[in-house]
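Structure record follows, encoded as structure tokens.
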Amino acid sequence: MDKLKFAFYWAASCGGCEIAVLDIDEKILNVVEKADIVFWPVALDTKYKDVEAFQDKYIDVCFFNGAIRTSEHEEMAHLLRAKSKTLVAFGACACFGGIPGLANVSDRDEIFDLVYRELPSVSNPDKTTPQLTYTAPEGELTLPQFFDTVKALHQVCDVDYFLPGCPPTPEMIEQAVTAIFEGTLPSKGSTLAPEKALCEECPLEIQEKKIPFIKRPYQVTPDGKRCLLEQGVICMGINTRAGCGARCIKANMPCRGCMGPTPEVADQGAKLVSAIASILGVEGEERMTEKEIEALIAQIKDPLGTFYRYTLPISLLRRKVIKK
Amino acid sequence: MVGSIMVVGGGIAGMQASLDLADSGFRVYLVDKAPTIGGVMAQLDKTFPTLDCSMCIMAPKLVATGRHHNIHLLTNAVITNVEGTPGNFTVTVTMKPRYVNAEKCTGCGLCAQYCPVEAVNEYDERLTLRRGIYVDYPQAVPLVYAIDREKCIGCGLCENICQAEAIEYHQTPEEEQVNVGAIILAAGFDEFEPDTKKEYGYGRFKNVVTATEFERILSASGPFAGHVVRPSDGEVPGRIAFLQCVGSRDENSNKYCSAVCCMYATKEAIIAKEHNPDLEATIFFMDMRTYGKGFEQFYKRAQSEYGLRYTRSRVPCIEADPETQNLLLTYETEDGTITKEEFDMVVLSVGLEPPKSNQELSSIFGVPLNEYGFLDWKIFEPLKAKDGIYACGAFSGPKDIPDTVAQASGAAAMASGVVSGERGTLVEEKVYPEELDVAEQPPRIGVFVCWCGINIGGIVNVPEVMEYASTLPNVVFVDQNLYTCSQDTQEKIKQAVEEHSLNRVVVASCTPRTHEPLFQSTIREAGLNPYLFEMTNIRDQCSWVHMHTPEEATEKAKDLVRMAVAKSNLLEPLKSSSVEVTQSGLVIGGGIAGMTAALGLAQQGFTVHLVEKEDHLGGLLRDIRYTVSGEDPQEYLTGLEQSLRDHPNVTIHTQAVVEKVEGYVGNFTTTLSSGEEINHGICVIAVGGQEHKPTSYLYGEDKRVITQLEFEDMLSKGVKAKTVVMINCVESRDDTKEYCSRVCCSEAVKNALQLREQNPDATIYILYRDMRTYAFREQYYDKAREAGVVFMRYDPETKPRLEKKDKSLVLYAHDSALDLDFELHPDLVVLSTGVSPYDNSALSQMLKVPLDRDGFFLEAHMKLRPVDFATDGVFMAGLAHSPKFIDETISQAFGTVARACTIVSKERIETEPIIAEVDEELCCGCQVCIPMCPYNARELDEEEKIVKVNEVLCKGCGSCVAACPSKAAQQRHFRDSQLSSMIEAFVRR
Amino acid sequence: MYEPKIIGFLCNWCSYAAADLAGTSRIQYPSNMRAIRVMCSSRVDPEHVLRAFVNGADGVLIAGCHPGDCHYISGNYKTERKYVLLREMLEQFGIDPRRLRLEWCSSAEGGKFAQVVTEMTEELKTLGPIELGAGD
Ligand code: SF4
Ligand code: SF4
Ligand code: FES
């Protein structure tokens, strides 16, 4: 059998997903035994030109990590889509926008202002910000466009599979790769993770799902036995896909949602608002005044950032309103 | 024997009795002299002590009564003759003409808009006007207009305008003979008419109103749309006085206490205060009788939170300032000072009187009335008027809504007890054709747009809406109807379903709250599942509220139709499933409540297990030696116990307690301490209560200090003491026990009278805070005063003090009424300590039913479900619920029987079709949904680690569905996809 | 003139009844709202509200029974907590929280219902059409 051709690409991401590939340890050897890597900017010196020269569908499987932050990312998404038989959104950022997606609470101008002008460590007397073109003595230089809005991969091109996680765990990667080699991938569009939420895998014990008060993770040391929500720590495991093995929970930290929402959920944040507010203060709800309710709810700091930590770009509203 | 029962009076009592009977297999004839049912409760704004909106809590019962296929409403009707014997009466009912054909009238109200005649609106307590053709109130059942022929000028306008052709001027009275096995009298009450009390100037002074008038003024649907203004000039009153006991506790009118006025005045004052926080409200009263469950706490809150002023004084007369129409009250405070005070408005807390028709009812039915004109009943038979004829509610004396509702259920149990063998013989079940299987078919939607005469069509361009509907996806048929609800249209709809193979039907007309069942039944007759139906409201919420903007109304109607069609695409057939019922009951507690309930259930033909922790039955009643009206409780108890022991359906388990309860309504399994397992379909909690044992007043230290029950025992053996002092409210209405125990005042009076009889020379003092001898118990308070019992009122701040000097007892008391100190030397001090609950926590957990703050069991709804729990299939009676008298306990116990019969009378119980479900592929077992459910319908399946819905318990609110973070939980008929489809169709694309 | 579009989620037992009563009492109010009937206000999911906004609603009304009056005992308490949290989050999204309104209307309060819709319509007129997202 011919060896398969793999490609890896990195858009707006932290690089963790690249490391994750290496984290499958010695099994990487099985991979290279069965597949050639034809494009991998961090590891191989292949140029965009080379990719452009590939025939359409030349690549068998392209693993694309990172969100779409700039026009470069978007162009590469289109290019790799055209050149690949199978395009996999790899990791939370490609799947949902991920942590970079939280930048959707601001827009380009705000970000540039802050990063290039306002931060105390910036020395920029001319107050210049990145320009699309710049005429240097050597000729014209260009930079990609920095978008107002971060997007997930499937919002700019067609995606065949989603492999979520921040980053995807070695087990998940290995399973996905095995499925590719064995030709046992599920139907197109699938997410390569379980359908149920993390509670399914969670080792903690649920006594009564009620939240008496909210504590931020640094304010408590959970007892390691009881459901974190019941101990007042916001855990997003209730509608975040399982498949990670509850790693954070086992490290006594709450789930922050990197596996993305369960399949029926259109807006993870809204559903979490619904669930968390419903069980927050159920005890004694009939005696609470409006003020008390507000105080109770105010314990949740930054609901948007908390409940959409990884999924703001794919939420119903997608981003904060840009006032004209 | 006939399996049908007549209920006379369609107020809350009559409705409750009818529903209980109809739901347990009997045909019911509900007769009301008014054109609509609902009674007084329909006029109330809010109800005490929870301040629930009266119409909100009553409307579902109204609708259920009107819609029940086993309840036949005979409104505008009077009873003219009764013949026969228990089990088989023939009642002649005369229906007064309403001059409107009830079959044809759609209740649209167009006629009333055109009627040129005005008449006073009785529903609004004569504060507004209505038309000559009218319904009492918009939610009325049946929603059929009536012509007031006294006012009608016969102009013919209504006849011309009514496109349903419902006006029939020529109608004449009709007589109907109805055959029934038993009769329940629930004729309610009239309100005392204060015209006779000239000193209050009612009728002369515009700003003196009755409490019911004020209730209407408070109501959002009342004469001033909920703005609290005074009648004379429409100004907002800043100072309102409430005068208590108008027409109650009064030599010159009614001697009895009306039992509800203290609470309703407090309630009205609170609501008025909520409307206008600056209001100064003063309640002039003699004794504050807030004796019911949660009432004392309400009274306290009225003072502390709302700042109501309570002034202990009976105001003798009112004068009005002719200029300002303000009212001048001159009254004597307790210390004897005469005070004059000005108010902007005065509310007379008028009492409850027997309806004038009681005399007639009494002679037609041959039932006795007491000296006041209410039914004459016996302590141990509070619901019985005579054999085969029972009574409930205010017909047998003034009482509040929860007591009325408990009695209504109780009367239903007694009445159906007469004909229990005939259960199910006269109920009608509708037979439908077999249901078509449309699951695999693509949607074929038919849309029917209603003109509602000109109610819709006069504003909304119906043909245009219809035309538009035909362009919507999957709509294959559209039609318009003059009246979609008329009989011939039902045929048209059925035909259309057949001819065009429709598998979804949308009706755009009036409100689904009243009309959905009709159309559902129509499409069911055409072979479609009733849930393949969607309705949208283009009348009440469109044409009627946008009368001046017809184009906008038409656009809105189109949008609404589009949304309904969008949802109908996704509708699915729904079926209710059913579970088998173990047709037997378990009664926990063998006191009078439990014994009564057990016997009642047994007499209805069901097996019953009665569980009692002691080795004997009888509970607290064993300590009651006599009643104030002279009956012998022990004799009654012996008889009751004998009937129980003789009854083949009853198994008694003494020295047994409940250890474990599993299951749910219809299917409980209970394990007793003996190890025995009992399967039962329902459970009655009748665990009783106990006399509170005090720690104050040297109790336990000195043998001369005893409790009322101990005193009663002593009296039964003879008491020689010369000076006896009774102290009421000991460790009650204070920090030990916040609540009032309701019975102690009367208990003290009873014991005082008994002592007086035994010992005419004894000096008897009763030290009290408020004498709460409510309703007819007032007569014994009167009697005790006449018999020379000394009543001395004390304030909680200056409580009596008891000391032991040398060997004798000295009691220092401050009479707050006279503001004098007394030193008494009693031989015996009797403490009224009230009733305490047992420790009910274990039972409460086992049965998953809540306790209130005082430790008594907490009912599903304070007002309308006094013997039910939110958890289906569990009921309560007696002291387990709250302190109460024997007759009240018996009424409640019978109440549980009727409520239980609505379950155990069925072989299977059907689940609601619109309930929650769980997608097992998606449920992760997070259990967020479990605490959402007020009915304990959600439970974790320990094995599969997912949550399952108990379909019998689920009421279909959808709380759990919205809370489920994964959308594993869904609500049938209101699925996420269905609601989303409506949202997505909201804007025209 | 700009006419705001409002979606109203009305609970079957009180607020839908209040809307009906406004009709039977012929109380006139602006025609900007389209109702979606739910059995209890607690069925309304914040996701529905966001979906309404992205589908063109300028405002969303959730109406239920008064506290203590919920036909299902405690549904509206949950509604209230969800509403408060959602309102806060909407603000973070840059959506004026006045676009989402929670009201209690008893079945006797036809007038109040009409007033709520009127007020809300007026308020939304001053706020102007909803703007979402934008930018590139
Ligand atoms: S909330 Fe949803 S996922 Fe969680 S246990 Fe309930 S049904 Fe299952
Ligand atoms: S829909 Fe309501 S009643 Fe049914 S299970 Fe859910 S919370 Fe309970
Ligand atoms: S039924 Fe109206 S809010 Fe729950």
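Numbered from 1 within each chain, the chains take letters A, B, ... in sequence-line order.
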| message | With a 4.5 angstrom heavy-atom cut-off, is it the side chain or the backbone of His861(B) that approaches chain C, or both, or neither? | response | neither
| query | Looking at CE of Met563(B) and CD1 of Ile7(C), how far apart are the two atoms once the value is rounded to the nearest 0.5 Å? | reply | 5.0 Å
| remark: Among residues 90-110 of chain C, those lying within the under-4.5 Å heavy-atom range of chain B are Ser106(C), Ser107(C), Ala108(C), Glu109(C)
| query | At what distance, to the nearest 0.5 angstrom, does NE2 of His71(C) lie from SG of Cys56(B)? | reply | 11.0 Å
| query | Looking only at heavy atoms, which of residues 55-69 of chain C get nearer than 4.5 Å to chain B? | reply | Asn55(C), Gly56(C), Ala57(C), Gly68(C), Asp69(C)
| Considering all heavy atoms of both residues, which atom of Ile6(C) and which atom of Phe986(B) are nearest to each other, and what is their separation? | O-CE1, 3.5 Å
| said: To the nearest 0.5 Å, what is the distance between OH on Tyr137(B) and OG on Ser25(C)? | reply: 14.0 Å
| task | Check each atom of Cys108(B) against the heavy atoms of chain C and say whether the ones under 4.5 Å are side chain, backbone, both or neither. | result | backbone
| task | Could you tell me whether the side chain of His546(B) and the main chain of Tyr29(C) form a donor-acceptor pair under 3.5 Å? | result | yes
| said: Just checking Glu119(C): does its CD atom have more than 12 heavy atoms from other residues, nucleotides or ligands closer to it than 6.0 angstrom? | reply: yes
| remark: Okay, Met55(B) and chain C: the region with an atom under 4.5 Å from a heavy atom over there is both
| field | Option in Ala870(B), Ala59(B), Cys542(B), Pro512(B) with maximal non-hydrogen atom pairs under 4.5 Å from chain C | value | Pro512(B)
| message | Testing Thr24(C), Ile27(C), Asp20(C) one by one against Trp544(B) for a side-chain contact (heavy atoms from CB on, under 4.5 Å), which residue passes? | response | Thr24(C)
| task | For chain B, find its close neighbours in residues 46-54 of chain C: heavy-atom separation under 4.5 Å, sorted by number, or none. | result | Glu47(C), His48(C), Arg51(C), Ala52(C)
| task | Pick one of side chain, backbone, both or neither for Ser980(B), based on which atoms fall under 4.5 Å of a heavy atom in chain C. | result | both
| field | Leu979(B) side, atom CG; Asp45(C) side, atom CG - distance, nearest 0.5 Å | value | 9.5 Å
| field | Lys863(B) portion near chain C, given a 4.5 angstrom heavy-atom threshold | value | neither
| said: Is Asp976(B) in contact with chain C via its backbone, its side chain, both, or neither, using a 4.5 Å heavy-atom distance? | reply: both
| When rounded to the nearest 0.5 angstrom, what distance separates CG in Asn12(C) from SG in Cys957(B)? | 12.5 Å
| CD-CG distance between Gln541(B) and Leu21(C), expressed to the nearest 0.5 angstrom | 11.0 Å
| Can you name the residues of residues 30-43 of chain C that have some heavy atom under 4.5 Å away from a heavy atom in chain B? | Pro30(C), Ser31(C), Met33(C), Arg34(C), Ala35(C), Ile36(C), Arg37(C), Val38(C), Met39(C), Cys40(C), Ser42(C), Arg43(C)
| With only heavy atoms counted, which part of Phe974(B) is less than 4.5 Å from chain C, the side chain, the backbone, both or neither? | both
